[in-house]
Each structure stands twice: as structure tokens, then as C-alpha cells.
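The structure appears below as C-alpha cells.
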Amino acid sequence: MSETAEPPAPWEYSLSIPNDPRAVTVSRRTLRLVLTLHGLIGLVDNAELIAAELVSNAVRHTEGPAVLRVSWSAGVVRIGVWDADPEPPPPSRPLLQIAESEDGRGLALVRACSDLWGWQPLARNGVRGKYVWCELAAEMPGPAPAPAQVPPPRLTA
């Protein structure tokens, strides 16, 4: 009789972000830690890039606070950022069209690195804003790998 592994339970984390450029680094490191601890290390590089772009946009283009949200359910990681600007994000253009541009690459990178992305108007605590999100499909995570056991050095007399 074979045992089937129970799929991991859904989870969600939120990080409130002040309007501060340092929030991008804090968000990236927090996201890396969350995904690593949940056994999703294979998604970390793309997820960090996406989160950095979304948080950077929120910090650069709005005056209010923002919120980074990351969740897991049914093999999909969803990363989203709420900000206090209700205006929709500009349409993303293909990366080849903006390769030499100084700005405007953020949403193109999000689109290129994610399986699905979008946005929606969303009020939070009575403040009108928007929520820009993306999804990354992943294999079901296994348990975090155990640290390597290194035998103690042998002492010789």
C-alpha cells in the first residue's frame, strides 16, 4: 500500500511597507526567507525580482504606504503589492521594445518572469488604491532539507 503525501496547507504573509526606498531590500529579503522556509527555493530568484519591481513601483510612484503579500495555494505562489494609487499600471510593453529605456521595464519583467499577472482596484483601510499581482507555478514543496551532518575532526595522539 503506497502512502500519498498530503498537499501543503495554504499560507499567506503580509508585510506593511512605508514609502521608503529601503523597503525594496527589506521586501526582497523577507520574501526570500518565506519561500526558503516553505521549501520553494526554486522560485526565489524570480520571486525576488518580481517583488522588487512591484515594491519599487509602489514606493516611486505613490506617496502612501504599501503592502507586500505572498501566498501559497494548490501549487501556486501569488505575489502582490497594494499601493495607495488607484490609477491602473501602465500597459507593459515587450522587453525588446524597452531594452535601452531607463525606466518602464518593471511590468515587462513581471510579465516575463511570471506565469500570470494582473491588477485590480482595491481599497485598504478606507484608502482607495490598487493591487498588482502575479503568480508563479511550482512543484509541491517537500520538507526543507536537513542541514548537512559533518563528522567532528578525528584527533590523533
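No experiment lies behind these values; they were computed from the predicted model shown. Atom set for the values below is all heavy atoms of this structure, side chains included, hydrogens, waters and symmetry mates excluded.
Between atom CD of residue E53 and atom OG of residue S27 there is a gap of 12.5 Å, rounded to the nearest 0.5 Å. Distance check, rounded to the nearest 0.5 Å: CD1 of I50 to CG of L136 gives 4.5 Å. Taken from CH2 in W133 to CZ in R69, the straight-line distance is 11.5 Å, to the nearest 0.5 Å. One finds the OG1 atom of T36 at 8.5 Å from the CG atom of L31 (value rounded to the nearest 0.5 Å). From T62, atom OG1 reaches atom CG of N57 across 9.5 Å, with rounding to the nearest 0.5 Å. One finds the OG1 atom of T30 at 12.0 Å from the CZ atom of R32 (value rounded to the nearest 0.5 Å).
In terms of modelled atom types and a separation under 3.5 Å, the side chain of D20 and the main chain of R22 share a donor-acceptor contact.
When only modelled atom types and interatomic distance are considered, W72 and H38 share no side-chain donor-acceptor pair under 3.5 Å.
The two residues E135 and V76 have their closest heavy-atom pair at CB-CG1, 3.6 Å. Taking both residues in full, the closest heavy atoms of W119 and P86 are given as CZ3-O, 4.3 Å, listed atom of the first, atom of the second, then distance. Taking both residues in full, the closest heavy atoms of I17 and A23 are given as CG2-CB, 3.0 Å, listed atom of the first, atom of the second, then distance. Across every non-hydrogen atom of P65 and W82, the tightest pair is O-CZ3, 3.7 Å. Minimum heavy-atom separation, A58 to V81: CB-CG1, 3.9 Å. Across every non-hydrogen atom of C134 and W117, the tightest pair is CB-CB, 3.7 Å.
Under the 4.5 Å side-chain criterion, counting only non-hydrogen atoms from C-beta, E12 is in contact with S14.
A continuous path of ILVMFWY side-chain contacts below 4.5 Å connects Y131 to V127, so both sit in one hydrophobic cluster. L122 and V110 sit in two unconnected hydrophobic clusters of ILVMFWY residues. Membership requires side-chain heavy atoms under 4.5 Å apart, directly or through other members. In the hydrophobic clustering of this structure, V77 groups with I41; members are Ile, Leu, Val, Met, Phe, Trp, Tyr whose side-chain heavy atoms approach within less than 4.5 Å, directly or through other members. Follow the hydrophobic side-chain contacts under 4.5 Å out from V67 and you never reach V55; the two are in separate clusters. Under the 4.5 Å side-chain contact rule for hydrophobic residues, W11 and L68 share a cluster.
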For this session: Would you sort out whether V59 and D83 count as a side chain to side chain contact (heavy atoms under 4.5 Å, CB included), showing the intermediate values?
Result: CA-CA 8 Å; V59 169; D83 66 44; over 6 Å; no
Exercise. Would E87 and K130 satisfy salt bridge (charged side-chain N to carboxylate O under 4.0 Å, His left out), going step by step from the backbone distance to the final call?
Worked result: CA-CA 7 Å; E87 292 300 313; K130 68 178 168 297; over 6 Å; no
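Between L37 and the options L40, L35, L33, a side-chain contact (heavy atoms from CB on, under 4.5 Å) holds for only L33.
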